[in-house]
Structures are given as C-alpha cells and as structure tokens.
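The structure appears right after this line, and notes come after that.
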Protein chains: 2
Amino acid sequence: MKMDAPCNSPRPEKLADLTGKLRAKSRKITGPRQAILEVLRQHRHPLTNKEILATLAAGNCDLATVYRSMHLLENMGMVKRFDFGDGVARFELLGEGEDGHHHHLICTECSAVVEIEECFPCALEQTIAASNGFKAITHKLEFFGICPQCQ
Amino acid sequence: MKMDAPCNSPRPEKLADLTGKLRAKSRKITGPRQAILEVLRQHRHPLTNKEILATLAAGNCDLATVYRSMHLLENMGMVKRFDFGDGVARFELLGEGEDGHHHHLICTECSAVVEIEECFPCALEQTIAASNGFKAITHKLEFFGICPQCQ
DNA sequence: ATCGCTGCAAAAATTTTGCAGGTAA
DNA sequence: TTACCTGCAAAATTTTTGCAGCGAT
C-alpha cells in the first residue's frame with residue numbers, strides 16, 4: 001500500500017499561484033523553490049525533507065536548501081508541519097484559505113497515510129482551555145494502526 | 001510556572017515494587033536503574049532523558065545508560081513515551097495496571113504541563129478503524145496553548 | 001562463574017548554521 | 001546594484017551502537 005502518486009485531495013493552485021505568493025512577499029522565485037513547490041503540489045501527503053529532495057527532478061538542490069525552504073514556506077503559512085512521532089518532520093502543502101488543520105491515520109507497518117477529515121477535539125478545545133486558564137489552544141492528533149493490506 | 005516537584009497524581013508504587021517488576025523478569029537491579037526509577041517516581045511528568053540524567057543524584061550514570069534503561073522500561077510497559085513535537089522523547093512512569101493513555105496540555109511559552117484526563121478520540125477510534133479497514137488503532141493527542149502565568 | 005549491565009567513545013541520523021559566491025529583481 | 005539565495009562544509013542535537021570490563025545473581 002503506497003497511496004502515493006495520484007492524490008485524492010483537490011489541487012486548487014497552479015504553480016504560478018504559489019510563486020505569486022512568494023512574489024507578493026518579496027521573496028525570490030528561484031529554481032530550487034519552484035521545483036520544491038511542484039513536488040509538494042503533486043504529492044499532497046506529508047513528505048520528509050529527504051523525500052522531497054529525492055523526488056526533485058535532477059537532484060539539483062541541496063538538502064540544506066530544502067530545510068530552509070520548508071522553514072520559509074511554513075512561516076508564510078503555505079505549508080503545514082506534521083509529526084508522526086518518529087523524530088522526522090513532514091510537510092504538506094496547504095490549499096488556498098486552508099488552515100491545514102486535519103489529522104492522519106498512519107499504518108505502522110508500511111507507513112501508508114490516510115487523511116482524516118473529522119476533528120473531534122476541536123469542539124472541546126475551548127472547554128479544555130477554559131478549565132485550565134489557557135489561551136490560544138491548538139492540538140496535534142494522529143492515529144496509528146495496521147492497514148488492510150498489511151493485516 | 002514549573003509544576004514540578006510535588007505531584008498531583010497518586011504515587012501508588014514504592015521503589016521496591018518497581019524493582020520487583022525487574023526481578024520478576026530476570027533483569028538486574030543496578031544502581032543506575034534504581035536511581036532512574038526513583039527520579040521517575042518522584043517526578044510524574046514527561047521527562048526527557050537529559051532531564052532524568054540531570055536530576056540523578058550524583059550524575060553517577062551515563063546518558064547512554066538512561067537511553068538504554070528507558071528502552072527497557074518502555075518494552076516492559078513500566079513507562080510511556082510521549083512526544084511533544086519538539087523532536088525530543090519524554091517518558092512518564094505508569095502506575096500499577098495503568099495503560100498510560102492520557103494526554104497533556106503544554107504551555108508553548110514555559111513548557112508547563114497539565115495532564116488531561118478526558119480522552120475524546122477513544123470512543124471514535126473504532127469508527128475510524130472500521131471506515132478505513134484498519135486494525136489495532138491507537139492515537140497520539142497533545143494540546144498546546146499559553147498558560148495563565150505566561151499570558 | 002555467568003551473563004547482563006555500564007561507561008566511554010564513536011557513529012548515525014536529523015537539523016541548523018557560516019561563509020563565499022551566484023542570481024533574481 | 002543590492003539584497004537575497006544557494007551549495008558546500010562544518011557544527012549542533014538527539015539517539016544508537018561497539019567494546020572492554022565490572023557487577024548482580
């Protein structure tokens with residue numbers, strides 16, 4: 001089960017829309033950045049920086065540049081960071097106006113990833129915030145299990 | 001806000017009970033292991049391996065030994081690993097018969113930790129499992145916000 | 001007397017940073 | 001031209017592992 005290449009989610013933005021966001025913030029539109037954005041656009045799953053690098057056409061980009069680009073895109077709100085608890089960061093491109101808040105169901109055998117639409121704790125965040133005096137509450141939630149193919 | 005030293009959770013086991021579990025599995029009861037268990041027993045919060053080492057009485061234990069001990073205790077089900085998304089593993093001692101399934105509310109400013117008793121996704125795990133054909137489902141959930149003192 | 005455990009050191013793996021040169025604007 | 005960006009290399013962090021010797025049983 002690879003669940004990779006073609007994606008189920010909509011792909012609302014063209015590469016030009018993405019680079020436009022860079023331009024709007026006076027960031028330069030370079031070769032590596034375009035290539036990275038294109039990889040993210042075509043693989044709408046959480047990807048590690050190494051996976052992004054490996055997918056890049058001619059390997060014509062340094063790993064350090066991928067790290068720096070992901071920091072930039074994360075700060076610009078174009079990408080969301082996910083953490084599957086294995087000590088490696090993963091990134092997913094966000095659609096227009098999307099806040100990126102969703103969760104995943106991850107196979108512990110083959111690492112297949114299914115996106116989960118429902119977000120249960122969302123409605124209860126305010127309750128938790130109020131009863132503990134916290135503000136600006138967010139949460140991270142990921143599910144783990146064994147997918148049909150691996151059973 | 002440090003929320004450290006004294007703990008609100010019950011402390012149902014004495015050190016002898018913990019070492020007894022080691023003995024029951026033919027593991028040796030050594031100085032470092034007793035010291036580590038005592039630290040975990042007195043600080044019932046998720047602790048990093050470095051924090052455990054620093055809290056150890058005379059620093060008379062190697063960091064590699066802490067890592068190896070936490071692997072052992074995790075495999076024996078005496079300790080649960082938590083991941084706050086900052087790339088560092090944290091461990092918390094489990095009480096007798098406890099499965100350790102609970103979540104935390106973490107201050108993004110000062111790292112204060114509050115334990116959350118309720119587990120909302122638990123009831124819905126089966127639904128998610130069924131609709132995706134997954135088995136053996138678990139989840140990780142942590143909340144983040146700004147605590148009263150840091151606001 | 002075993003066999004497991006520890007300390008020390010080195011290695012792995014992920015991520016960050018310094019710097020000199022190159023490129024988009 | 002100017003400021004930003006890139007590649008390369010080195011460093012910083014977290015975690016794992018090899019190995020010789022010590023220690024619990």
Side-chain angles (χ1 to χ4, degrees), chain A residues 15-16 18-39 46-76 78-91 111, chain B residues 15-16 18-39 46-76 78-91 111:
Chain A
L15 183 57
L18 298 173
T19 55
K21 291 182 183 177
L22 290 176
R23 188 174 291 110
K25 295 214 179 182
S26 307
R27 313 323 285 253
K28 298 192 173 163
I29 296 159
T30 64
R33 285 182 182 172
Q34 290 179 78
I36 290 169
L37 284 171
E38 187 59 26
V39 169
L47 294 174
T48 67
N49 284 344
K50 280 192 167 176
E51 287 169 343
I52 293 170
L53 181 70
T55 309
L56 247 31
N60 45 9
C61 167
D62 193 80
L63 183 57
T65 297
V66 179
Y67 274 97
R68 283 189 275 229
S69 295
M70 300 319 292
H71 277 292
L72 173 69
L73 295 175
E74 187 182 17
N75 291 337
M76 290 182 62
M78 295 174 63
V79 134
K80 188 163 166 59
R81 176 189 298 255
F82 287 100
D83 176 7
F84 289 177
D86 61 352
V88 193
R90 277 159 230 264
F91 298 90
S111 300
Chain B
L15 183 57
L18 299 172
T19 55
K21 291 182 182 176
L22 289 177
R23 187 174 292 108
K25 295 214 177 177
S26 306
R27 306 314 198 128
K28 298 191 175 163
I29 296 158
T30 64
R33 285 182 181 172
Q34 290 179 78
I36 290 169
L37 284 170
E38 187 59 26
V39 168
L47 294 174
T48 67
N49 284 343
K50 280 191 168 177
E51 287 168 344
I52 293 170
L53 180 71
T55 309
L56 246 32
N60 44 9
C61 167
D62 193 80
L63 183 56
T65 298
V66 180
Y67 274 96
R68 284 188 275 228
S69 295
M70 299 321 291
H71 277 293
L72 172 69
L73 296 174
E74 187 182 17
N75 291 336
M76 290 183 62
M78 295 175 62
V79 133
K80 187 162 167 59
R81 176 188 297 255
F82 287 99
D83 176 6
F84 290 177
D86 61 352
V88 193
R90 278 160 230 266
F91 299 91
S111 299

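Chain identifiers are assigned alphabetically (A, B, ...) following the order of the sequence lines, protein sequences preceding nucleic acid strands; residue numbering begins at 1 within each chain.
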* **Nearest-nucleotide comparison on DNA chain C, the residue closer to the 5′ end among Cys61(B) and Lys28(B)** => Lys28(B)
* Structure fact -> Of Arg33(B) and Ala64(B), the one whose nearest nucleotide on DNA chain C sits closer to the 5' end is Arg33(B)
Write down the distance between [atom1] ([X]) and [atom2] ([N]), rounded to a whole number of angstrom.
X: Arg23(B); N: dT25(D); atom1: CZ; atom2: C1'; value: 10 Å
X: Leu72(A); N: dT16(C); atom1: CG; atom2: C1'; value: 16 Å
X: Gln34(B); N: dG23(D); atom1: CD; atom2: P; value: 15 Å
X: Glu51(B); N: dT13(D); atom1: CD; atom2: P; value: 16 Å
X: Arg90(A); N: dT15(C); atom1: CZ; atom2: P; value: 10 Å
X: Leu63(B); N: dA11(C); atom1: CG; atom2: P; value: 18 Å
X: Phe91(A); N: dT15(C); atom1: CZ; atom2: C1'; value: 10 Å

* To do: Looking only at side-chain atoms of Thr65(A), point me to the closest of dG7(D), dT14(D), dT15(C).
  => dG7(D)
* Asked: If you check every side-chain atom of Thr30(A), which of dT6(D), dT16(C), dC8(D) has the closest atom?
  -> dT6(D)
* Answer yes or no: does a side-chain N or O of His71(A) lie under 4.0 Å from OP1 or OP2 of dT16(C)? => yes
* Asked: At under 4.0 Å, does any side-chain N or O of Tyr67(B) touch on OP1 or OP2 of dT15(D)?
  -> yes
* Quick one: the side chain of Arg68(B) and the base of dG7(C), do they pair up donor-acceptor inside 3.5 Å? -> yes
* Asked: NA contact type, Gly87(A), heavy-atom cut-off 4.0 Å: base, sugar-phosphate, or nothing?
  -> sugar-phosphate
* **Position toward the 5' end of DNA chain D (nearest nucleotide), Arg27(B) or Asp86(B)** => Asp86(B)
* How long is the gap from OG1 on Thr19(B) to CZ on Arg27(B), to the nearest 0.5 Å? -> 14.5 Å
